Amino acid sequence: MAGTVHVIGAGLAGLAAAVRLATRGVAVVLHEAAPQAGGRCRSYFDKQLGAVIDNGNHLVLAGNTTMREFTRTIGSEHTLTGPDRAEFAFVDLESDERWTVRLSEGRLPWWIFDKHARVPGTKWSDYLSLAPLLRAGPDATMTDAMNCPPMLYKRLIHPLFLAVLNADPAEGSAQMAGAVLRETLVPGGKSCHPLIATQGLDVSFVTPALAYLKAKGARVMMQHRVRELHFAADGSRVEAIDFGDGPEPLAADDAVVLAVPPNVAASLVPSLTAPDEYRAIVNAHYQVPPPPGCPPMIGVVNGVSDWIFAFDGRLSVTISGADHLLDESREALALRIWEEVAKACKIPSTPMPVWQLVREKRATFAATPAQDKRRPGAKTRWRNLLLAGDWTATGLPATIEGALRSGNLAADLLHRA
Ligand SMILES: Cc1cc2nc3c(=O)[nH]c(=O)nc-3n(C[C@H](O)[C@H](O)[C@H](O)COP(=O)(O)OP(=O)(O)OC[C@H]3O[C@@H](n4cnc5c(N)ncnc54)[C@H](O)[C@@H]3O)c2cc1C
């Protein structure tokens, strides 16, 4: 590409597009509305906790190939750590039962034949109920597509896919769940090793990407919100970008990668169909050292909490599909979650440690079949405008992997053009 590419939005999709283009020697300018990059995947200093925390606990898996390639490129792969086996600890808060699901490494799922590796109370044949997800059609929800025995559903499938889709499996798209299954459980445990950005999302995904872009000569402009895109009268291209001081014309071979959230994209691009329903995520952080032997993550069954993450000096809880918790008082919710954490981690519940509660109302688009149909591809009817973002038609739910893939695709399409 001879011209300059203006990447709008420095979330992971925009960063991926910018990194990919800059690697290929393309002139890139990255415009971000906020004072910091990272979008929904960012770290910040929290005064209440006196520590740097992430806007939400993010989990990625070894099988997220695009994420691994991205972190390799920007030199931060070593900052993602996790157990060297695909093991997932669970606790049932009602019965106080505890178990660990231990996936076998290879393609053959030996673990389902081992009663110490699979979910207690399930049979190996129960796991075959996942197979229909791999060939589900676009209209089916997970529970339409599969007939999962109740014990397996409650103790593994529900917590796992609620986290993966950020939507309850009763409404979540079976096709998107199948896409995740195909890239994780199907290739085997080696693709399911959990990876956690233990030093924070910023250290793993954002600061090194910005440093990489700087080294490649790309320009990064923070607090540079795009107010309007101007389209040529013949409908062929974007001809100017308005940052608030009037239209700034683009050269004939310049291009735009629009990597903003779907509601912003819909306000900038005429007649764009994009997802318009969202699901919330709640994160609760407690300033307390994890007890000795505490697993890095614990799945919670029969609680309001979904997953407990053990960080250095802090226990953090993630609750997906959390719209029902948006109106509850912060204090009451923080206490309710803390009591569960104390029980799950077998630590005293009083006094309650210093805490913080972060509610992301529009954490992701709703991963339902109806919303999936509203996801546009990367190409638009304007030859120099490409879309990117976790909400574009990646086939995956709204994830780091999907966001990065969408950015790469936009960059590849521009490069080929
Ligand atoms: C709490 C939470 C937990 C999550 N957990 C996980 C997880 O465990 N695993 C996982 O894989 N994914 C997880 N995700 C999803 C993941 O964070 C997102 O899929 C990903 O970060 C989306 O990146 P994006 O670039 O598509 O969008 P965004 O991050 O939304 O980036 C869009 C950017 O555009 C900027 N922008 C907006 N308007 C303008 C404008 N007019 N001009 C210029 N810039 C603009 C925004 O400020 C933002 O920086 C989680 C998300 C949240 C919120």
Side-chain angles (χ1 to χ4, degrees), residues 6-18 29-43 53-61 63-64 66-67 70 80 162-166 180 184 194-197 201 204-206 209 220-229 241-244 256-269 274-275 278-285 297 306-307 309 316-322 357-365 367 375 387-392 394 396-408 410:
H6 294 267
V7 178
I8 303 171
L12 291 191
L15 287 171
V29 187
L30 179 58
H31 309 271
E32 166 58 48
Q36 78 175 97
R40 279 171 284 147
C41 184
R42 65 184 186 281
S43 311
I53 59 169
D54 296 330
N55 67 311
N57 302 318
H58 279 59
L59 176 73
V60 285
L61 297 177
N64 294 153
T66 310
M67 179 281 301
F70 178 75
L80 294 166
L162 175 62
V164 163
L165 297 178
N166 192 27
V180 174
T184 52
L195 291 171
I196 301 172
L201 295 170
S204 292
F205 297 108
V206 185
V220 179
M221 304 182 75
M222 293 295 164
Q223 294 179 285
H224 209 223
R225 181 184 297 275
V226 170
R227 308 282 169 178
E228 201 177 340
L229 296 177
I241 306 177
D242 188 343
F243 297 97
V256 175
V257 174
L258 189 61
V260 295
N263 57 325
V264 181
S267 72
L268 294 171
V269 178
Y278 301 85
R279 293 292 176 267
I281 297 181
V282 169
N283 275 264
H285 307 274
M297 296 165 54
D306 291 336
W307 292 90
F309 290 78
S316 279
V317 174
T318 295
I319 305 171
S320 302
L357 195 75
V358 186
R359 293 190 256 211
E360 286 259 6
K361 196 172 170 194
R362 290 184 170 185
T364 67
F365 75 91
R375 298 168 85 182
L387 301 174
D390 61 356
W391 54 275
T392 57
T394 64
L396 294 175
T399 50
I400 288 178
E401 180 72 4
L404 294 172
R405 239 177 244 190
S406 75
N408 283 353

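Excluded from the calculations below are hydrogen atoms, water molecules and symmetry mates; all remaining heavy atoms, backbone and side chain alike, are included. As the structure is a prediction and not an experimental result, all values here were calculated from the model. In listed order, ligands and their atoms are each counted from 1.
Atom CD of residue E32 and atom NE2 of residue H224 lie 12.0 Å apart, to the nearest 0.5 angstrom. Atoms NE2 and CG, from H6 and L229 in turn, are 11.0 Å apart once rounded to the nearest 0.5 Å. Here the CZ-OG1 distance, from R405 to T392, works out to 11.5 Å after rounding to the nearest 0.5 Å. The CE atom of M221 sits 7.0 Å away from the CZ atom of F243 when rounded to the nearest 0.5 Å. One finds the CG atom of L268 at 10.5 Å from the CZ atom of R227 (value rounded to the nearest 0.5 Å). Summarising the geometry, atom CZ belonging to R225 is positioned 13.0 Å from atom CG belonging to D242; distances are rounded to the nearest 0.5 Å.
Of all atoms in ligand 1, numbered sequentially from 1 with element shown, those under 4.0 Å from a heavy atom of A403 are 22 (C), 23 (O), 26 (O). Within the listing of ligand 1, atoms 43 (C), 44 (N) sit less than 4.0 angstrom from a heavy atom of H31. Short contacts between ligand 1 and G56, defined as distances under 4.0 Å to a heavy atom of the residue, involve ligand atoms 1 (C). Near V264, the atoms of ligand 1 lying under 4.0 angstrom from a non-hydrogen atom of the residue are 38 (N), 41 (N). Atoms of ligand 1 lying under 4.0 Å from at least one heavy atom of A398, given by number and element, are 15 (C), 19 (O). Each of the following atoms of ligand 1 lies closer than 4.0 Å to a heavy atom of I8: 42 (N), 43 (C). With ligand atoms numbered from 1 in the order given, ligand 1 contributes 30 (O), 32 (C), 34 (O), 37 (C) to contacts under 4.0 Å with heavy atoms of P261. The contact set between ligand 1 and G11, taken as ligand atoms under 4.0 Å from a residue heavy atom, comprises 25 (O), 29 (O), 31 (O), 33 (C), 49 (O).
The two residues A367 and L165 come nearest to each other via the heavy atoms CB-O, 3.5 Å. Scanning both residues, S406 and T394, for their nearest heavy atoms gives CB-CG2, 3.9 Å. The two residues S43 and D54 come nearest to each other via the heavy atoms OG-OD1, 2.7 Å. Closest heavy-atom contact between F365 and P275: CB-CB, 3.7 Å. In plain terms, the two heavy atoms of L201 and N55 that are nearest each other are CD1-OD1, 3.7 Å. Considering every non-hydrogen atom in both A284 and L357, the closest pair reads CB-CD1, 3.7 Å.
Remark: ligand 1 and G389 share no N or O pair separated by less than 3.5 Å (distance only, no angle test). Any N or O atom pair closer than 3.5 Å counts here, and L59 shares at least one such pair with ligand 1. At under 3.5 Å, a nitrogen or oxygen of A33, whether backbone or side chain, sits near a nitrogen or oxygen of ligand 1. Inclusion of I281 in the set of residues having an N or O under 3.5 Å from an N or O of ligand 1 is not warranted. Of the N or O atoms in V260, none lie within a sub-3.5 Å distance of an N or O in ligand 1. Below 3.5 Å of separation, one finds no N or O of H224 facing any N or O of ligand 1.
Heavy atoms of A259 found under 4.0 angstrom from ligand 1 belong exclusively to the backbone.
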**Request:** Mind running side-chain contact (heavy atoms from CB on, under 4.5 Å) on H58 and T318 for me, showing each step along the way?
**Result:** CA-CA 9 Å; H58 279 59; T318 295; over 6 Å; no
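Of the protein's non-hydrogen atoms, D390 OD2, 2.7 Å is the one closest to atom 19 (O) of ligand 1. When hydrogens are left out, the protein atom nearest atom 34 (O) of ligand 1 is G9 CA, 3.4 Å; that is the closest non-hydrogen contact. In terms of protein heavy atoms, atom 21 (O) of ligand 1 is closest to C41 CB, 3.5 Å. Regarding atom 41 (N) of ligand 1, its nearest protein heavy-atom neighbour is V226 O, 3.0 Å. With respect to atom 10 (C) of ligand 1, the closest heavy atom belonging to the protein is I400 N, 3.5 Å. What sits closest to atom 25 (O) of ligand 1 on the protein, heavy atoms only, is A13 N, 2.9 Å. In this structure, the protein non-hydrogen atom closest to atom 48 (C) of ligand 1 is E32 OE1, 3.5 Å.
The residue among R40, H58, Q223, R227 with a heavy atom at the shortest distance from atom 13 (C) of ligand 1 is H58.
W391 places a side-chain N or O within 3.5 Å of a backbone atom of V260 that can act as its donor or acceptor partner.
At least one heavy atom of N57 lies less than 4.0 angstrom from ligand 1.
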